[in-house]
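In what follows, a single structure is set out as structure tokens and then discussed.
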Number of protein chains: 2
Amino acid sequence: MYPLDYKTLDDNEIEKLIKKMIEISRNKGIKVTTQRILVFKELLKHTKEHPSAEELYERLKYKIYGLSLSTVYRTLTTFEKLGLVRRIPTSDGKAHFEIANKPHGHFICQNCGKVFDIDDIEPSLDSIKILLEEKGFRPQICNVICYGFCHKCN
Amino acid sequence: MYPLDYKTLDDNEIEKLIKKMIEISRNKGIKVTTQRILVFKELLKHTKEHPSAEELYERLKYKIYGLSLSTVYRTLTTFEKLGLVRRIPTSDGKAHFEIANKPHGHFICQNCGKVFDIDDIEPSLDSIKILLEEKGFRPQICNVICYGFCHKCN
DNA sequence: ATTTCTGCAAAATTTTTGCAAGAGG
DNA sequence: CCTCTTGCAAAAATTTTGCAGAAAT
């Protein structure tokens with residue numbers, strides 16, 4: 001296991017987080033559907049993979065008969081607004097998505113395109129946020145995206 | 001002038017940087033065309049505006065008769081490969097571009113969409129790069145993109 | 001019962017590409 | 001001259017939207 005691999009959640013933790021998602025949705029009048037549960041679960045199960053909407057659709061269309069790509073897009077946007085999912089804009093022309101867990105950075109391999117988490121950068125993120133606040137901005141989300149070569153492609 | 005405004009280059013500095021671009025292009029066998037000079041100059045003149053390809057095209061089509069959007073895209077990709085221009089992937093679905101000057105971060109207003117530079121974060125960027133190298137990655141470019149509300153929209 | 005959500009197809013947006021004509025070194 | 005670049009139109013790729021039927025509360 002490489003240092004930047006994201007820790008995998010066990011089934012227990014996944015169930016707990018789904019319950020939390022359901023609670024948050026209900027509180028906001030957002031309906032809980034099979035599609036939403038399974039998109040969320042798929043992101044939870046493969047947090048470190050940062051799939052695109054298309055990738056999520058490809059995996060889930062076998063589990064949800066008749067699932068459409070537009071539903072996946074709408075679901076991800078809904079979760080993003082709820083603060084449950086983060087969108088990662090990248091140079092490859094499509095957005096990638098992840099569960100909105102502890103803030104961290106992303107490293108994208110210029111050769112194989114894989115997205116890795118960069119953990120342990122909270123001190124850096126905090127100092128950037130403080131800098132922004134001092135200058136009159138009100139930062140909400142700070143993304144760090146680095147491009148380069150991963151251990152395999154190096 | 002707000003603290004994050006990027007310093008404007010005077011005509012003298014712009015001419016010097018264009019000469020440098022021409023030199024770098026010639027060294028790599030890249031031809032120097034009117035289109036390329038004017039796209040580069042436009043970016044130099046409005047470095048802090050981070051225009052999209054479409055915006056650059058809209059501004060330059062009056063200066064270059066018959067200019068096409070695809071040329072702007074190709075030009076920007078060429079400059080990116082030469083290391084002269086940086087692509088900034090954002091959540092708004094289109095790429096923005098800037099002259100590849102001193103590394104800095106970007107702040108995007110969630111309300112008005114404006115892109116601001118965040119200067120003085122080199123220490124943070126350096127520590128992230130060191131962290132990545134320690135973990136076996138070879139980072140080339142590190143982007144910091146923060147979303148939130150600017151002074152006007154706050 | 002009411003509101004929200006989904007699937008489908010169609011549209012909108014952004015970016016890329018093939019090719020003949022044109023410009024640069 | 002030879003090669004690279006441009007413009008045009010067409011295509012590709014990603015994301016959004018309208019609407020009727022289905023599902024959730």
Given D:dT16, is OP1 or OP2 found less than 4.0 Å from the side-chain N or O atoms of A:R74? no
Hey, what bend do you get for the helix from C:dA1-D:dT25 to C:dG25-D:dC1 if you fit axes on five pairs at each end, rounded to 10°? 40°
Would you say the ring centers of B:H151 and B:F116 fall short of 6.0 Å from each other? yes
Nearest-Å distance, CD (A:E80) to P (D:dT15)? 12 Å
Would you indicate whether B:D10, at its atom CG, is surrounded by more than 12 heavy atoms from other residues, nucleotides or ligands within a distance under 6.0 Å? yes
Side-chain H-bond candidate by donor/acceptor type, A:N143 with A:R86, under 3.5 Å: no
State, yes or no, whether a side-chain contact exists between B:E42 and B:L38 at a heavy-atom distance under 4.5 Å. no
Rounded interatomic separation in angstrom, taking CG from B:D92 and C1' from D:dT15: 13 Å
5′-ward residue of the pair B:V32/B:T77 relative to DNA chain C: B:T77
Between OH of B:Y73 and C1' of D:dC8 the distance, given in whole Å, is 16 Å
Would a distance-only check, ignoring hydrogens and angles, find a side-chain to backbone donor-acceptor pair under 3.5 Å from B:R36 to B:K31? yes
Tell me: CZ of B:R36 to C1' of D:dC4, nearest whole Å? 8 Å
Describe, in one word, how the ring planes of A:F137 and B:F107 are oriented to each other, choosing from parallel (under 30°), tilted (30 to 60°) and perpendicular (over 60°). perpendicular
Hey, are A:D120 and A:H104 close enough side-chain-wise for a donor-acceptor pair under 3.5 Å? no
d(CG, B:L67; C1', D:dC8) in whole Å: 12 Å
Donor-acceptor pair (no angle test) under 3.5 Å: A:K94 side chain, D:dT15 base: no
Rounded to the nearest Å, what distance is computed from the CG atom of residue B:L82 to the P atom of nucleotide D:dC4? 14 Å
Contact class for A:S52 vs. all strands (heavy atom < 4.0 Å): base, sugar-phosphate, or nothing? nothing
Any side-chain N or O of B:Q35 below 4.0 angstrom from OP1/OP2 of D:dG7? yes
Toward the 5' end of DNA chain D, by each residue's nearest nucleotide, B:G93 or B:V72: B:V72
Would you kindly give the CG-to-P distance between B:N27 and D:dC4, to the nearest whole Å? 16 Å
Would you indicate what A:L69 reaches in the nucleic acid, counting non-hydrogen atoms under 4.0 angstrom: base, sugar-phosphate, or nothing? base
Which nucleotide in the list D:dT25, D:dG7, D:dT6 gets nearest to the side chain of A:R26? D:dT25
Which nucleotide of DNA chain C is the first, and which the last, in the 5' to 3' direction, to come under 4.0 Å of a heavy atom belonging to chain B? C:dT14 to C:dG25
Side-chain touch A:I88/A:H50, heavy atoms, less than 4.5 angstrom: yes
Select from B:S70 and B:K31 the residue whose nearest nucleotide in DNA chain C is closer to the 5' end of that strand. B:S70
For B:A53, answer base if it contacts any base atom (sugar-phosphate contacts may also be present), sugar-phosphate if it contacts only those atoms, and nothing otherwise; contact means non-hydrogen atoms under 4.0 Å. nothing
Are B:R59 and B:E49 within salt-bridge range, i.e. N to O under 4.0 Å? yes
Starting from P on D:dT6, measure out to NZ on B:K61 and report it in whole angstrom. 18 Å
Is the closest basic N to carboxylate O distance between A:K41 and A:E15 below 4.0 Å? yes
